[in-house]
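Data first, discussion second: the structure below is written as structure tokens.
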Amino acid sequence: MPELPEVESVARSLRGFLPGRRISRVLCHFPGSVSSGAGPFRKTLPGRTVVGIGRHGKYLFLGLSGGLYVGLHLRMTGQLLFLPRRRAPDSHSHVEIFLTASESKLVFRDVRKFGRLELLPGSPEEFIRERRLGPDALAILPGELYQRLRQTRRCLKAALLDQRVLAGLGNIYTDEVLFRARLSPRRSASSLSRRQVQALLLTIREVLASAIRRRGTSISDYVDARGRRGGFQFALQVYGRQGAACPRCGTPIVRSVVAGRGTWSCPRCQRDPDSSRRAGVRPGGHWTGPGIGATLENG
DNA sequence: ACTATCCCCTGACGGC
DNA sequence: TGCCGTCAGGGGATAG
């Protein structure tokens, strides 16, 4: 599923070709993909030139001449692709944007139809404010993340997945980050110290930067605008790997459900000090209650 | 104001 | 083989 590194990879693959191109015609085969309305979208874009490509979290923005912006979210299976102008659209190609003097067209494909394009009523900054999106995961500062995690009662994974806390992390990168930072996804988000949040943010930046270098994670549908798959699926350490040996300690990786999402973690490396205390272990680490099984997050 | 739950949508997969 | 039920998941809407 496209998260920050995948959206950034799409943005980069667009930047090499799209800026300066003029839109000649727009076809909306599935009007539901354009949440601002297919009619205005089809009528407003032709004649305008693409002047820039932006990204915030998992949102992509196309800046058009005349001060207009298109926002795009790929959700689960969305793709934005350069395809040969004369290629017939398949049943999953929902929007086609034709460009003047080009052998390519820009196609929005989406098997599950969750993705959305929209003509923004204002600037991307206003859009971000109205949706109440948090700072981009690559731009947020440690003090700011600390404050945002402190003021929620949810667990760490739920907080990191919440795009209003910080924008860009989805299920894959959240699990990978928490594993590398040795933090339990179930741990209370507000229980982290300043120092721990600082370390967590360094891990977030490292994982995202590494994934961008590999042009994202391609597990099923993801490809960039040139149709290239990413390579970070080969660097995943826990996501989707239940039963495999933890790369650090050899304990089998466990799948559970946290915040309503499939969650992969190492029950040994990512123990939760909060639940250990509840299970009868004093902060000092001496056993006072039930056996070790009670402190493992997945039983 | 917060938080949890439901829903959209289709392909993959397991059971019989 | 093939049918059918279940699952996956981002984020908006809705409920508590």
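- Computed from coordinates, the A/Asp162 CG to B/dC2 C1' distance equals 10 Å when rounded to whole Å.
- In this structure, A/Arg112 places its CZ atom 17 Å from P of B/dC7, rounding to the nearest Å.
- Within the nucleic acid shown, A/Gly262 comes within 4.0 Å of sugar-phosphate atoms alone, with no base atom in reach, counting heavy atoms only.
- Two rings, from A/Phe127 and A/Tyr69, have their centers 6.0 Å or more apart.
- Salt bridge status for A/Arg12 with A/Asp224: absent, with no side-chain N to carboxylate O gap under 4.0 Å.
- Annotation: A/Tyr173 is in aromatic contact with A/Phe232 [ring centroid separation under 6.0 Å].
- Between the P atom of B/dT3 and the CG atom of A/Leu161 lies a distance of 14 Å, rounded to the nearest Å.
- Taking only side-chain nitrogens and oxygens, A/Thr152 comes nearer than 4.0 Å to OP1 or OP2 of B/dT3.
- Checking B/dT3, B/dT10, B/dC9 against every side-chain atom of A/Arg153, the shortest atom distance belongs to B/dT3.
- Of the N and O atoms on the side chains of A/Thr152 and A/Arg148, not one donor lies less than 3.5 Å from an acceptor on the other residue.
- Taking a heavy-atom distance under 4.0 Å as the criterion, the stretch of DNA chain C touched by chain A extends 5' to 3' from C/dA8 to C/dG12.
- Comparing A/Arg154 and A/Arg116 by the nucleotide of DNA chain B whose heavy atom lies nearest to each, the residue mapping closer to the 5' end is A/Arg154.
- No side-chain donor-acceptor contact under 3.5 Å links A/Glu206 and A/Thr203.
- Residue-level contact check: A/Tyr173 touches neither bases nor backbone, having no heavy atom under 4.0 Å from any strand.
- With rounding to the nearest 0.5 angstrom, the NE2 atom of A/His56 is 11.0 Å from the CG atom of A/Leu138.
- Phosphate contact (OP1/OP2 of B/dC9, side-chain N/O of A/His92, threshold under 4.0 Å): absent.
- Looking at heavy-atom distances under 4.0 Å, A/Thr77 makes no contact with the nucleic acid at all.
- Looking only at side-chain heavy atoms (C-beta outward), A/Val70 and A/Phe41 come within less than 4.5 Å of each other.
- Residues A/Val111 and A/Gln151 each lie close to DNA chain B; by heavy-atom proximity, the contact nearer the 5' end of the strand is made by A/Gln151.
- In this structure, A/Tyr59 reaches the sugar-phosphate backbone alone: every heavy-atom distance under 4.0 Å involves primed, P, OP1 or OP2 atoms, never a base.
- Within the 4.0 Å cut-off from OP1 or OP2 of B/dC8, not a single side-chain nitrogen or oxygen of A/Lys113 is found.
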